[in-house]
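So the structure is just underneath, and the comments pick up after that.
Small disclaimer: the values here were computed from a predicted structure and weren't measured.
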Amino acid sequence: MNTRCDDTQMSWGDVSVYVAGHRGLVGSALLRALQAKGVGRTFGWGSEELDLRDRNATFDAITQIKPDIVIDAAAKVGGIMANATYPVEFLRDNSLIQTNLMDAAHAADVNRLLFLGSSCIYPRDAAQPICESSLMTGPLEPTNQAYALAKIAGIFYVGAHREEYGRHWISAMPTNLYGPGDNFDLETSHVLPAFIRRFHDAKVSGAPIVTVWGTGAPRREFLHVDDLAKGCLTLLERYDSAQPINIGSGVDLKIKELASIVADVVGFTGTIEWDAKKPDGMPRKLLDTARVKALGWTPKISLRDGLTSTYQWFLEKVA
Ligand code: GDP
């Protein structure tokens, strides 16, 4: 079959897709979006069945199924403290996962692959909103540079396969994501699920004060993972370039403002205290999303609606 991007009539019913990381926040949203498109077939293995850091096992699995499309949504991910505390694991595991996956996809002659990165690949002081062309124009934010370096290597590896082997592989850079399936562990999670958990726990226990990290001054952009998943499918239908492409909501807010909104959605009415000894991270990382919007994609889920449904999911599945 033809899976080139100029095939805007791509018929999802005819293709098989391997989603690496299909049980994670992004991978599970991709499966929902693929199923809604009527995809022919999907493949996925949990990490206990297939450890993508194991090169031989990864080759065996992918060469056996020979999917038409591979989506790399598998990664070791975490919030600001996890990233800063475990740089060895973040650099090593992510480098191994993506390299094994891409080498195995090449061996299986997979012509269409989508690699997912992150907005943290851009320089700490990049002009805002951040254009794709600012990649590699300045130093990275220290709290997440191990993860960012692995992802930058992944983008270049995608480009190298395009250049050397003519593969139609692409890279997408999502902003901060949230939604059902997120990680709500307070040590390792990102800020939005951490706020849901902290405010919910305080509400339930009747605690009058919740302490959160940093100064609250940094700004972050949030995108619901179901919007991201639809954006990824649009890219697979319509995008074919070595340059990574940003996917974001186009709107950012102060972490302090996010805290107020999450507290309101959860129903926590106590005091929020800020522990300025904890790191703030990047001052701002709002993505310029003009290129993905020009392909016909726009986000549909507002932050408040997305937060309300994610809190509902948390109540049903986690709390
Ligand atoms: P980042 O976007 O890579 O910096 O990762 P995070 O989502 O972990 O953090 C975003 C911002 O939220 C940083 O300024 C954190 O200091 C701040 N923050 C405040 N409270 C928390 C918390 O409880 N957990 C996390 N992960 N971040 C928090």
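Every residue two or more places apart in sequence or in another chain was checked for a ring pair (Phe, Tyr, Trp, His ring centres under 6.0 Å) with F59, and none qualifies. H106 is linked by a ring pair (Phe, Tyr, Trp, His ring centres under 6.0 Å) to H161, Y165, counting only residues two or more places apart in sequence or in another chain. Partners of W213 under the ring pair (Phe, Tyr, Trp, His ring centres under 6.0 Å) rule, at least two apart in sequence or in another chain, do not exist in this structure. Annotation: ring pair (Phe, Tyr, Trp, His ring centres under 6.0 Å) contacts of F43 (sequence neighbours excluded): none.
Sorted by first and then second residue, the pairs that involve residues 242-263 and meet salt bridge (charged side-chain N to carboxylate O under 4.0 Å, His left out), not counting sequence neighbours, are R219-D252, D252-R284. Among residues at least two apart or in separate chains, salt bridge (charged side-chain N to carboxylate O under 4.0 Å, His left out) pairs with a member in residues 180-197 are R197-D201. Residue pairs meeting the ring-ring contact (aromatic ring centres under 6.0 Å, His included) criterion with at least one member in residues 13-38, sequence neighbours excluded: Y18-W45. Within the structure, the salt bridge (charged side-chain N to carboxylate O under 4.0 Å, His left out) test picks out the following pairs touching residues 302-317 (sequence neighbours left out): D264-R304. Note on residues 85-96: pairs passing salt bridge (charged side-chain N to carboxylate O under 4.0 Å, His left out), not counting sequence neighbours, are R53-D93.
Grouping Ile, Leu, Val, Met, Phe, Trp and Tyr residues whose side-chain heavy atoms lie under 4.5 Å apart, directly or via other members, leaves V88 alone, with no other cluster members. The hydrophobic cluster containing F90, built from Ile/Leu/Val/Met/Phe/Trp/Tyr side-chain heavy atoms closer than 4.5 Å, also comprises V77, Y86, Y147.
Contact detail for L286 and Q128: the closest heavy-atom pair is N-OE1, 2.9 Å.
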Please report, to 0.1 Å, the donor-acceptor pairs under 3.5 Å made by any side chain of residues 242-249, with sequence neighbours excluded.
residue: Q243; atom: OE1; partner: R291; partner atom: NH2; Å: 3.1
residue: N246; atom: OD1; partner: Y122; partner atom: OH; Å: 2.6
residue: N246; atom: ND2; partner: I130; partner atom: O; Å: 2.9
residue: N246; atom: ND2; partner: D288; partner atom: O; Å: 3.1
residue: S249; atom: OG; partner: F222; partner atom: O; Å: 3.1
residue: S249; atom: OG; partner: V251; partner atom: N; Å: 3.4
residue: S249; atom: OG; partner: V251; partner atom: O; Å: 3.3

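In this structure, D68 does not pair ionically with R41, as no charged nitrogen and carboxylate oxygen lie closer than 4.0 Å.
In the hydrophobic clustering of ILVMFWY residues, with side-chain heavy atoms under 4.5 Å counting as a link, M81 and V191 come out apart.
A ring-ring contact (aromatic ring centres under 6.0 Å, His included) with F184 is found for exactly one of F199, F195, F314, namely F314.
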